[in-house]
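Below: one structure, written as structure tokens.
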Amino acid sequence: MLLLQEGFSSAWEPREPLPESQEGDIKARRNMNTTKGGLVIFTANSNPACMELGKRIAERLGVELGKVQVYQEANRETRVQIQESVRGKDVFIIQTVSKDVNTIIMELLIMVYACRTSCARSIIGVIPYFPYSKQCKMRKRGSIVSKLLASMMCKAGLTHLITMDLHQKEIQGFFNIPVDNLRASPFLLQYIQEEIPDYRNAVIVAKSPASAKRAQSFAERLRLGIAVIHGEAQDAESDLVDGRHSPPTVKNIGAIHPSLEIPLSIPKEKPPITVVGDVGGRIAIIVDDIIDDVDSFLAAAETLKERGAYKIYVMATHGILSSDAPRLIEESAIDEVVVTNTIPHEIQKLQCPKIKTVDISMILSEAIRRIHNGESMSYLFRNIGVDD
């Protein structure tokens, strides 16, 4: 059942799970909304969606949001003023990513440093979507920006990080502080079971071989079949000309032994687009971690329609939905796009009614409570696979 609420309109909030028979689970459920003293929760920007997520988390924990003023001066410099004492307290800073990603990074870094210089006991960043997570690998003459950002956060004074569904799990290794990479898959799986009619007639689809493991994990949990789309258009960044194919200069040729020839790697050539698996007369559910540039999703939806799928869903944790994504989705063969509220997308929802929201504030608030009370985090990772 979709819950229509003020502030976060048409946000789907999962039901509270029933208590387990194990004594530890029952105890955890009893303590779900109880926290010890010395807890402060800040939201790092004035974005309404970030404030709404912060209020949901604070309400679940039974605390008030901390008082802080974040603004930009006339010269576009960011200024942060903590308006209450944080000395000796556990400070949790909630920061969601908006279009102005560089500004929100500076807001976060300055607020972390302000709490550090105000003698906070610990400073935990709650960043549901970690910015620059796509730039976590070396691309020709580029740089690993995720590593740079991780170093900046640690240097500013961050002592712990709570995030969700990192684009690559290896990003955790960029930090020298504890990182809890939570999963949204239980909420998305529950949405499929409760909100998709006849989901037993569905097939989980990976729009590329790279996302096949995630699709397989979803399929195994739902006891459904799997399909993989292969032969999609080549990534633009792999087509860039960077000078590596330029021949060596004449003066260097003589320095190489004439009998030595460096073997050249055979260039990749992707086959025509094909679907491995049967989708005819089925509901197709495409799963991924991020939906930003929707071109690949639109191409996958068209292919699935041609193969006989009669309804197409797209499910992802992070709905960035940049540029004309809402309009393209509205005009496409996709029937519904389901994302979580890790990233504010209220404007996109107004432009495209096909976009639905799943609320994940429950797991974030429980993670905050457990870290503050010094409890184990393993309860939040029950039955979570490596590929989720």
Side-chain angles (χ1 to χ4, degrees), residues 2-14 43-57 94-105 107 126-134 163-167 184-185 187-188 190-192 195-196 205 207 211 214 284-302 304 311-361 364:
L2 294 177
L3 302 179
L4 300 180
Q5 302 177 358
E6 296 181 0
F8 239 81
S9 59
S10 67
W12 181 83
E13 182 173 341
T43 55
N45 61 27
S46 56
N47 187 293
C50 182
M51 295 293 293
E52 179 66 24
L53 180 60
K55 289 178 181 178
R56 283 173 175 254
I57 293 174
I94 301 171
Q95 180 67 304
T96 57
V97 176
S98 61
K99 288 185 178 180
D100 195 357
V101 61
N102 295 324
T103 298
I104 68 102
I105 290 174
E107 288 179 357
V126 183
I127 310 173
Y129 171 69
F130 188 74
Y132 286 97
S133 60
K134 288 185 176 182
T163 187
M164 179 166 284
D165 281 339
L166 288 169
H167 186 56
S185 56
F187 298 90
L188 298 176
Q190 186 174 321
Y191 185 95
I192 293 174
E195 302 299 326
I196 298 181
V205 180
K207 69 179 180 66
S211 56
R214 177 182 294 269
I285 304 176
I286 305 173
V287 297
D288 211 337
D289 62 329
I290 300 174
I291 176 169
D292 185 5
D293 182 8
V294 298
D295 290 342
S296 59
F297 290 93
L298 301 183
E302 290 294 336
L304 294 172
K311 205 165 188 179
I312 299 174
Y313 291 81
V314 175
M315 310 201 76
T317 302
H318 310 294
I320 302 177
L321 303 171
S322 301
S323 189
D324 292 333
R327 179 183 59 82
L328 295 174
I329 292 173
E330 184 65 25
E331 299 172 355
S332 71
I334 298 174
D335 294 282
E336 191 170 287
V337 174
V338 182
V339 293
T340 70
N341 55 345
T342 56
I343 297 176
H345 50 264
E346 289 304 295
I347 297 177
Q348 290 88 331
K349 288 173 66 175
L350 294 175
Q351 299 171 347
C352 178
K354 292 182 179 180
I355 301 173
K356 307 297 180 183
T357 306
V358 174
D359 180 34
I360 44 83
S361 62
L364 293 176

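Because the structure is a prediction, the values reported are computed rather than measured. Start at 1 with the first residue, then count along the sequence.
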Open item on the list: Going by ring pair (Phe, Tyr, Trp, His ring centres under 6.0 Å), name the residues that satisfy it together with Y129, two or more places apart in sequence or in a different chain.
Closed with: H318

Task: CG on L53 to CD on Q95, rounded to 0.5 Å - done: 11.0 Å

TODO: Could you tell me whether K354 and D335 have a side-chain N and a carboxylate O separated by less than 4.0 Å?
DONE: no

Open item on the list: Applying side-chain contact (heavy atoms from CB on, under 4.5 Å) to Y313 and I286, what does each step give before you reach the verdict?
Closed with: CA-CA 6 Å; Y313 291 81; I286 305 173; over 6 Å; no

Open item on the list: Between S185 and L188, is the side-chain contact (heavy atoms from CB on, under 4.5 Å) condition met? List the steps.
Closed with: CA-CA 5 Å; S185 56; L188 298 176; 5.6 Å; no

Open item on the list: Is there a side-chain contact between L321 and I329 in this structure, where contact means two heavy atoms from C-beta onward sitting under 4.5 Å apart?
Closed with: yes

Open item on the list: Looking at every non-hydrogen atom in both residues, tell me the closest pair between T317 and D165 and how far apart they are.
Closed with: OG1-OD2, 2.5 Å

Task: P128 and T163, any side-chain heavy atoms less than 4.5 Å apart - done: no

Task: Any side-chain heavy-atom pair of M164 and I360 under 4.5 Å - done: yes

Task: H345 side, atom NE2; I347 side, atom CD1 - distance, nearest 0.5 Å - done: 11.5 Å

Task: Residue pair V287 / V314, side-chain heavy-atom distance below 4.5 Å - done: no

Open item on the list: What verdict does the side-chain contact (heavy atoms from CB on, under 4.5 Å) test give for V337 and K356, after you've listed the backbone C-alpha separation in whole Å, the side-chain angles of each residue and the deciding distance to 0.1 Å?
Closed with: CA-CA 6 Å; V337 174; K356 307 297 180 183; over 6 Å; no

Task: Gap between atom CG of D288 and atom OG of S211 - 0.5 Å precision - done: 5.0 Å

Task: Side-chain heavy-atom pair T96, I343 within 4.5 angstrom cut-off - done: no

- [ ] Could you tell me the separation between the CD1 atom of I94 and the NZ atom of K55, rounded to the nearest 0.5 Å?
- [x] 12.0 Å

TODO: Check side-chain contact (heavy atoms from CB on, under 4.5 Å) between D292 and all other residues, then give those that pass, not counting sequence neighbours.
DONE: K134, I290, I320, S322

Task: Distance in Å, M315 CE paired with E336 CD, rounded so as to fall on 0.5 Å steps - done: 7.5 Å

Task: With S296 via side-chain contact (heavy atoms from CB on, under 4.5 Å) - residues at least two apart - done: K207

Open item on the list: Would you compute the distance between atom OH of Y191 and atom OG1 of T340 and round it to the nearest 0.5 angstrom?
Closed with: 12.5 Å

Task: Set of side-chain contact (heavy atoms from CB on, under 4.5 Å) partners for P131, sequence neighbours left out - done: V97, V101, I105, I127, L149

Open item on the list: side-chain contact (heavy atoms from CB on, under 4.5 Å) for V358 and N341? Distances and angles first, verdict last.
Closed with: CA-CA 6 Å; V358 174; N341 55 345; over 6 Å; no

TODO: Examine distances only and state if a side-chain atom of S332 and a backbone atom of I334 form a donor-acceptor pair shorter than 3.5 Å.
DONE: yes

Task: Partner residues of D293 under the side-chain contact (heavy atoms from CB on, under 4.5 Å) criterion, sequence neighbours left out - done: D295

TODO: Output all residues satisfying salt bridge (charged side-chain N to carboxylate O under 4.0 Å, His left out) with E331, sequence neighbours left out; order by chain, then residue number.
DONE: R327

Open item on the list: Less than 4.5 Å apart, side chain to side chain, heavy atoms only: is that true for P353 and E330?
Closed with: yes

